[in-house]
Amino acid sequence: EDFIMAVRPAVATDIPLLLPLVQGYYHDSPVPLTIDSQAMAVHLDRLRSDTSLGHLLVATVDQELAGFAILYRSFETRALKPLLIINDVYVAPKFRRHGLARQLMMAAFKLAESQGYSGASWQTRTSNLGAQHLYDQIGERETGWLHYYHDLSQD
């Protein structure tokens, strides 16, 4: 099978086509979520067009959208440079096992380097062994940290 695979920044016309992939990402999550498609479309379009917020990459196979990476701009105080947070990476099930997730990650690193970021940071669930196999090859696993979250909707 010869696919033409590519990773590129999202364009406006990708947004409606991305929504089913985003829904699939959250449907497959250990914490399922039904997205508000209109609100998500607005958010993804802003992310695509406002680099102060972050970046949106898409993976294609033969021109068909196959995956995405949602990237946010944070800051690294020690380096006094921006830090790329790789927040969400997803490849649709029928396109998996062809290296697209790796291509999305590499494209995120390249984008961060070109924009003067200090580095890239990401996390995954302890149960996500498939992702950890890739992540252990391309990043250094940080230990000695605990991840906390405070839900403001509960206050």
Side-chain angles (χ1 to χ4, degrees), residues 3-37 39-76 81-143 145 147-149:
F3 301 119
I4 299 174
M5 298 190 296
V7 173
R8 60 172 172 75
V11 295
T13 52
D14 291 328
I15 302 301
L17 303 172
L18 264 179
L19 294 174
L21 287 179
V22 174
Q23 185 62 63
Y25 170 71
Y26 283 113
H27 181 269
D28 295 347
S29 168
V31 185
L33 170 73
T34 300
I35 64 167
D36 175 333
S37 293
M40 182 61 72
V42 168
H43 176 70
L44 292 175
D45 196 54
R46 180 170 168 229
L47 183 60
R48 176 193 69 73
S49 58
D50 181 356
T51 57
S52 70
L53 180 62
H55 308 273
L56 178 60
L57 297 177
V58 295
T60 61
V61 174
D62 294 335
Q63 309 287 314
E64 182 181 348
L65 285 187
F68 61 83
I70 293 176
L71 313 170
Y72 292 108
R73 182 186 176 100
S74 184
F75 208 81
E76 175 59 60
K81 289 182 174 182
L83 172 71
L84 191 71
I85 304 297
I86 302 175
N87 208 72
D88 307 284
V89 175
Y90 179 76
V91 174
K94 72 176 183 175
F95 296 114
R96 290 182 187 159
R97 316 293 319 149
H98 295 289
L100 278 176
R102 179 184 296 270
Q103 284 188 34
L104 281 162
M105 295 295 290
M106 293 297 133
F109 297 161
K110 189 173 177 182
L111 185 152
E113 187 177 21
S114 74
Q115 301 282 322
Y117 284 72
S118 64
S121 178
W122 67 96
Q123 59 191 23
T124 191
R125 291 188 180 276
T126 54
S127 60
N128 193 347
L129 300 177
Q132 290 166 41
H133 178 73
L134 168 63
Y135 297 159
D136 284 337
Q137 295 172 33
I138 62 173
E140 290 157 34
R141 193 180 284 212
E142 292 190 330
T143 59
W145 297 87
H147 177 77
Y148 292 89
Y149 180 74

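Not measured: the values here are computed from a predicted model.
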With [X], which residues qualify under salt bridge (charged side-chain N to carboxylate O under 4.0 Å, His left out), at least two apart?
X      : result
Asp50  : Arg46
Asp62  : none
Arg102 : none

Heavy atoms, side chains only, cut-off 4.5 Å: are [X] and [Y] in contact?
X      : Y      : value
Leu53  : His43  : yes
Ile138 : Phe109 : yes
Tyr135 : Met105 : yes
Ile70  : Leu44  : yes
Ser37  : Met40  : no
Asp136 : Arg141 : yes
Glu64  : Lys94  : yes

Distance-only donor-acceptor pairs under 3.5 Å for side chains of residues 26-33, two or more places apart:
from, atom 1, to, atom 2, distance (Å)
Asp28, OD2, Tyr90, OH, 3.4
Ser29, OG, Val31, N, 2.9
Ser29, OG, Val31, O, 3.2

(Q) Tell me if the CD atom of Gln63 is crowded by more than 12 foreign heavy atoms within 6.0 Å. (A) no

Q) So does Ile4 have more than 12 non-hydrogen atoms from other groups sitting under 6.0 Å from CD1? A) no

Contacts table for residues 111-122: side-chain donor-acceptor under 3.5 angstrom, sequence neighbours left out:
from, atom 1, to, atom 2, distance (Å)
Ser114, OG, Leu111, O, 2.8
Tyr117, OH, His55, NE2, 3.2
Ser118, OG, Pro82, O, 3.3

Can you name the nearest heavy-atom pair linking [X] to [Y], along with the distance?
X      : Y      : result
Ala66  : Leu100 : CB-CD1, 3.7 Å
Val89  : Tyr25  : O-CE1, 3.9 Å
Ala108 : Leu84  : O-CD2, 3.6 Å

Atom pairs and distances, side-chain donor-acceptor, residues 14-21, under 3.5 Å, sequence neighbours left out:
from, atom 1, to, atom 2, distance (Å)
Asp14, OD1, Arg8, NH2, 3.0
Asp14, OD2, Arg8, NH1, 2.6
Asp14, OD2, Arg8, NH2, 3.4
Asp14, OD2, Val11, N, 2.8

Distance (rounded to the nearest 0.5 Å) between [X] [atom1] and [Y] [atom2]:
X     : Y      : atom1 : atom2 : result
Asp45 : Leu56  : CG    : CG    : 9.0 Å
Leu71 : Leu104 : CG    : CG    : 8.5 Å
Met5  : His98  : CE    : NE2   : 7.5 Å

**Q.** Residue from Thr60, Val61, Leu65 passing side-chain contact (heavy atoms from CB on, under 4.5 Å) with Phe95
**A.** Val61

